[in-house]
Amino acid sequence: MSTHWFKTLIPALICNSLLPVSAANITEISGKDCRAMTDAGVMSSAAPVQCDRLRQVQFKYIDFQGQQHNNGSIVVMDAVSPYVAAIFDRLYELEFPINKAQPIRHYQGDDDLSMADNNTSAFNYRPIAGKRSLSVHAYGLAIDINPKQNPFVEFGEEGSARFKPDDGAKYANRMKFRYGKDERQGFAEDVISTFADNGFLYWGGFWNTPIDYQHFQVSRNMANLMSVMPTDNASQFFDNYVTWYQSCKASYPKAYAQHKVNDYVYYLETKLNSESLSKTFNQSPEKVIAAIKLPLQVSPICVKG
């Protein structure tokens, strides 16, 4: 594929892909809802993003009985909200079933209760399960979908597996089609590309231990960066992130199919000779913002070595 073709592709994608048109409704977090989040332990003054940087995305979905609902609701960072809306629009078009989706404040911030109710959710100011460091959920940059069909699996020293929620163990076998059995639906494997095409490249099903089939996120480096960026810059950064990925996907389909496409963070770190984009931003925000505003340049750097 010629470099010239790839260079003409990026401007076209920038014009056509940014701020996707969506049937979902994106709203700011009201003062009432913010107080409810704080009372439920979902929000704190120590959270890396506050209510003014969060948005509620309301959308339609199809449940596992084929019934339509118009009350799906998920809370995410402002900069990614148009793309999260596009994700759930696409899931609706695909008739990908979702059991239910409501903000995790309805479960008092208890992730175990939300998973047990097979609830799809996003923002929650909490640490990673079993650790002290913050989850990417605390930035509004991670989404858990159908936890029952896509359980969290952790392993003991002797290889014993523990599933969350407990009845997620029924879905340890990840085959969608099996002899003599009904087709299984709601598996995250079916929508990896939908999430990736809208900026959520990192899936917990790629991990070795634990395995978190329900979980899609951006990288922690990105979360740290976007949380300290002004909203306008964070939005432009994420627009570029999605455009870069879509360009790489179109130009290197084999690498895309093998999940070997470098992301836009890596592109910028290479361009700026930076070991960590978020650290570079903390030291010199104008340097990173200037790089974000430059036209994207095509390079084989798209493909992981």
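The side-chain heavy atoms of Leu141 and Met222, taken from C-beta on, include no pair separated by under 4.5 Å. Proximity of Gln50 to Met43: side-chain heavy atoms (C-beta onward) are separated by under 4.5 Å at one or more points. The shortest distance between side-chain heavy atoms of Asn221 and Ser276 falls below 4.5 Å. You'll find the side chain of Ile98 reaches within 4.5 Å of the side chain of Phe88, heavy atoms only. A 4.5 Å side-chain heavy-atom check between Arg90 and Val191 finds every atom pair outside the cut-off. Considering only heavy atoms from C-beta on, Ser193 comes within 4.5 Å of Tyr256 through its side chain. A heavy-atom distance below 4.5 Å is found between the side chains of Tyr107 and Gln102.
Remark: Glu189 engages Arg174 in a salt bridge, criterion side-chain N to carboxylate O under 4.0 Å. Of the charged side-chain nitrogens involved, none lies within less than 4.0 Å of a carboxylate oxygen, so that Asp111 and Lys164 do not count as a salt-bridged pair.
Side-chain atoms of Asp263 and Tyr202 include a donor-acceptor pair closer than 3.5 Å. Checking Asp197 against Tyr83 by side-chain atom types alone, no donor-acceptor pair falls below 3.5 Å. Looking only at atom types and distance, the side chain of Gln185 has no donor-acceptor partner in the side chain of Asp190 under 3.5 Å away.
Classification of the Phe200-Phe195 ring pair by plane angle, with boundaries at 30° and 60°, yields perpendicular. Phe187 and Tyr171 have perpendicular rings, their planes meeting at more than 60° on a 0 to 90° scale where under 30° would count as parallel. Aromatic ring pairs are classed by plane angle as parallel below 30°, tilted from 30° to 60° and perpendicular above 60°; the pair Tyr264 and Phe237 is tilted. Between His69 and Tyr61, the ring-plane angle classifies as parallel under the 30° and 60° cut-offs.
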Kindly indicate, with the supporting measurements, whether the criterion side-chain hydrogen bond (donor to acceptor under 3.5 Å, both in side chains) is fulfilled by Tyr213 and Gln149.
CA-CA 8 Å; Tyr213 292 111; Gln149 287 75 24; over 6 Å; no
I would like to know whether Tyr139 and Asn224 meet side-chain hydrogen bond (donor to acceptor under 3.5 Å, both in side chains); could you show each step before the answer?
CA-CA 8 Å; Tyr139 299 81; Asn224 289 331; 2.9 Å; yes
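For Ser114 (side chain) and Asp110 (main-chain N/O), no donor-acceptor pair under 3.5 Å exists by modelled atom type. Side-chain atoms of Glu269 come within 3.5 Å of backbone N or O of Leu277 as a donor-acceptor pair.
Checked against a 6.0 Å centroid threshold, the rings of Trp207 and His215 count as neighbours.
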